[in-house]
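All remarks here apply to the structure that follows.
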Amino acid sequence: MHSILRRLLGYAKHKARTVASSGLGRVAWLRTYLRAGGTSVQLPCATSDAGLLDFVAAWYVKAVPYLKANPACRAAFVSTNSITQGEQVGVLWSWMLAQGVHIQFAHRTFQWSNDAKGVAAVHCVIVGFGLEDLPGKTIYQYDDIKGEPLAVSASHINPYLLDAPDIIATARMTPVSQVPAIANGSARQSVWHPPRCRRAAASPWR
């Protein structure tokens, strides 16, 4: 078991170094890098939204069978912070929680330094999890993402790495209340100006 986990972690570190040294910088871009190279990862929680996930999510999914084989085992990964933010939470953590996973400790966003050329800035989190809902959970917070963490006791840690219930904001196409539907949101659109108006439109001071 331990040798397998060591190999998994070693492979993850190798991939992170490969991406950093190639100039891609953020490990979050690894999924695009691998997809462009013809490599795909099949997740058991695969849905139409699986492509939203950072590649590191595959290690979380891969850890679950090992945890189920030995419920006393615990896992932790240094990860891109985007798996605890936005739309990725609904895709990954809805499945993880359904498997009985509990987050047991967490480091919130910090800047990971590395030996890559140009010192690529990677914003990371550390998530420790297992199948046991252990007491005495701890969230490590960073007032300065380059500094030292402050340990804060928590009764529960949700997928957003907050001491709060497991309420996940999922994507939806309809309003939650009786209001008109939004057709296009605040998307920026290109506006064509006739040649006569183009110069005036280009300057907000005229």
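Positions are given from 1 along the sequence. Note that these values count all heavy atoms, side chains included, but never hydrogens, waters or copies made by symmetry.
- Residue Ser79 holds its OG atom at 2.5 Å from OH of Tyr60, rounded to the nearest 0.5 Å.
- Between Val125 and His107, every side-chain heavy-atom pair lies at or beyond the 4.5 Å cut-off.
- Interatomic distance, NZ of Lys146 versus CZ of Phe110, reported as 14.0 Å (0.5 Å rounding).
- Using bins of under 30°, 30° to 60° and over 60° for the plane-to-plane angle, the ring pair Phe77/Phe129 lands in the tilted bin.
- Heavy-atom minimum distance, Leu131 versus Gln99: CD2-O, 3.8 Å.
- Considering NE2 of His102 and CG of Asp133, their distance stands at 4.5 Å, rounded to 0.5 Å.
- The two residues Pro159 and Leu97 come nearest to each other via the heavy atoms CG-CD1, 4.0 Å.
- At a threshold of 4.5 Å between non-hydrogen side-chain atoms, the residues Thr138 and Val152 do not count as touching.
- Remark: aromatic rings of Trp93 and Tyr160 are distant, center separation not under 6.0 Å.
- Taking every heavy atom of both residues into account, Glu132 and Ala72 meet most closely at OE2-CA, 4.2 Å.
- In this structure, NE2 in His123 is found 12.0 Å from OG1 in Thr80, a value given to the nearest 0.5 Å.
- The main-chain N or O of Ala57 is never found under 3.5 Å from a side-chain atom of Asp54 such that the two would form a donor-acceptor pair.
- No side-chain donor-acceptor contact under 3.5 Å links Asn81 to the backbone of Thr109.
- Residues Trp95 and Val61 meet the side-chain proximity criterion, which asks for heavy atoms closer than 4.5 Å.
- Leu67 approaches Cys73 most closely through the heavy-atom pair CD2-O, 3.4 Å.
- Here the CG atom belonging to Leu92 is positioned 6.0 Å from the CD1 atom belonging to Ile83, to the nearest 0.5 angstrom.
- Rounding to the nearest 0.5 Å gives a distance of 8.0 Å between CD1 of Ile103 and CE of Met96.
- The 12-atom threshold is not exceeded at CD of Glu87, counting heavy atoms of other residues, nucleotides or ligands nearer than 6.0 Å.
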